[in-house]
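Hydrogens, waters and symmetry mates play no part in the numbers below; they use all other heavy atoms, side chains included. Just so it is clear: chains get the letters A, B, ... in the order the sequence lines come, proteins before strands, and each one is counted from 1.
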Protein chains: 2
Amino acid sequence: MSRATLSRDAIVDTTIRLIREHGADALTMRGLGQALGTDPTAVYRHFRDKAELLRAVSERLLGTVTIGLPDGHEWRPAVVELCRRLRRALLEQPRLATALQFGPPLQPSEFAITEELLRRFCAAGLDIGAAALAYHSVIELTVGSAAIDAAMHSMSDRERSQQYTRWRSVYAALDPAEYPETVAASAAMYRGTAEDRFVHALGRLLDGLVPTR
Amino acid sequence: MSRATLSRDAIVDTTIRLIREHGADALTMRGLGQALGTDPTAVYRHFRDKAELLRAVSERLLGTVTIGLPDGHEWRPAVVELCRRLRRALLEQPRLATALQFGPPLQPSEFAITEELLRRFCAAGLDIGAAALAYHSVIELTVGSAAIDAAMHSMSDRERSQQYTRWRSVYAALDPAEYPETVAASAAMYRGTAEDRFVHALGRLLDGLVPTR
DNA sequence: ACGATGTCGTCAACACTGTTGACAACGGCG
DNA sequence: CGCCGTTGTCAACAGTGTTGACGACATCGT
């Protein structure tokens, strides 16, 4: 049992790996210690508590969102791509959605995301106030899509499609007298991937936010 | 120490009260038992586990969403009002957002919400497939707005506005060279109430979802 | 070169969580 | 009356995040 030496980066690495493999809820300090090959409490030499560790994890995940974005003067593909990436990052860590509201020790990567979105909306012709509103709107949609899809995200493609099918059949089996539209729409519910549905919703939201004069 | 007799309804009542007073995270079975004046484990005679109790809580909260909705042939005010109510219900129990994805023992009140939204979208002239997409879009936005606002919701009005102000000053204090738009928009960020911002976003989303031919 | 200093992994323990099984008091039924 | 199922009580278990004392190690100043 060699005395492995840790670092913040190494801890964040295996934390993300564990979350990817077993889900965020299954992340435990003891399990983390075992995966690191050290005593669980060794992590506390590098992070004050679990919350700070998770903040570092979110910072790592959010850091990849804004890099290498398409840089043309077309605002819309850039916004869509940024939101897709943000959604994927949020999906990796469901609690991250609520952790966004932790008050003014904000993460640098969050500032980068905010700046990028505001810049694109201004480039689209919105004044600064409308850009701020658009920013809030887009973030809310993205967070919501990630939150709803979070539970399904840990399943395999096969399981997920099975789940969607089961879902649809539940809708289809409702009493047509009480839920006529739901029964009629059952085949169309949860169609395609969750990301497809999100991109569609985002497109309609952008249509409404940036009127094509 | 009189042997108080419980019921599912009474347990759900005080559970909601505790969540309202101390937040959902602070809800513990021992605390619940104390508030009920019984042994904590007595709750397990009425609910299999904490998850089932929370499902009953969400069913109770979601049940109020669809009742007494404005019933004219104008679809838009009805959709907005329903989403506002849904958002408020979700705010009361943050975990409820993710709990929505718990698979086919769905709650009756969820079906009622789905049916109502689909009906209104069909009344707005959408075909059934577009109505399903609109349903998903609107739900995602509502859940996201609730999730983001959840942390602030437990604070008093005074605390909340202080928090918003602090937030804005953090944005304003950023390096203008690196984050020009954010600094410029700082005064416009988090303006008004969170519900105002949500209603605005929902309006723009509906504009995009239901084109005015 | 060597002792001091501070970093960092280890171990035991604490307070807390949800949950279970044995026990007993109670009320309704034959 | 006597039985029995319902339901509150109690002790206990496994698991969680976290803390403080301990000790090995590397680094640094003289």
Which part of the nucleic acid does A/Leu53 contact within heavy-atom distance under 4.0 Å: base, sugar-phosphate only, or nothing?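 No contact at all - A/Leu53 keeps every heavy atom at 4.0 Å or more from the nucleic acid.
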Distance criterion of 3.5 Å, no angle test: do you see the side chain of [X] paired donor-to-acceptor with the base of [N]?
X: B/Arg30; N: C/dG18; value: yes
X: A/Thr5; N: C/dC8; value: no
X: B/Thr41; N: D/dC10; value: yes

Do other residues, nucleotides or ligands put more than 12 heavy atoms under 6.0 Å from the CD atom of B/Glu21?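 Yes - once you tally the heavy atoms of other residues, nucleotides and ligands closer than 6.0 Å, there are more than 12.
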Separation of atom [atom1] in [X] from atom [atom2] in [N], rounded to whole Å:
X: A/Tyr44; N: D/dG17; atom1: OH; atom2: P; value: 6 Å
X: B/Arg45; N: D/dG5; atom1: CZ; atom2: C1'; value: 11 Å
X: B/Gln34; N: C/dC16; atom1: CD; atom2: P; value: 12 Å
X: B/Met29; N: C/dA15; atom1: CE; atom2: P; value: 23 Å
X: B/Glu52; N: C/dT19; atom1: CD; atom2: P; value: 11 Å
X: B/Leu36; N: D/dT9; atom1: CG; atom2: P; value: 10 Å
X: B/Lys50; N: D/dG15; atom1: NZ; atom2: C1'; value: 14 Å
X: B/Leu32; N: C/dC16; atom1: CG; atom2: P; value: 18 Å

The side chain of A/His46 lies closest to which of these nucleotides: C/dC8, D/dT16, C/dC23?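 The answer is C/dC8.
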Residue A/Asp39, side-chain heavy atoms: nucleotide from C/dT10, C/dC23, C/dT19 that is nearest: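 When the side chain of A/Asp39 is considered, C/dT10 is the closest of C/dT10, C/dC23, C/dT19.
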Select from A/Thr28 and B/Pro40 the residue whose nearest nucleotide in DNA chain D is closer to the 5' end of that strand.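 Per heavy-atom nearest nucleotide, the more 5' residue is B/Pro40.
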Between A/Glu159, A/Arg160, A/Arg166, which is the residue that forms a side-chain hydrogen bond (donor to acceptor under 3.5 Å, both in side chains) with A/Gln163? A/Arg166
Distance-only, no hydrogens or angles: does the A/Arg8 side chain make a donor-acceptor pair with backbone N or O of A/His46 under 3.5 Å?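 Yes, the answer is positive, given that a donor and an acceptor are paired below the 3.5 Å cut-off.
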With a 4.0 Å cut-off, would you call B/Glu92 and B/Arg88 a salt bridge?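 Salt bridge absent between B/Glu92 and B/Arg88.
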Describe, in one word, how the ring planes of B/Tyr171 and B/Tyr190 are oriented to each other, choosing from parallel (under 30°), tilted (30 to 60°) and perpendicular (over 60°). parallel
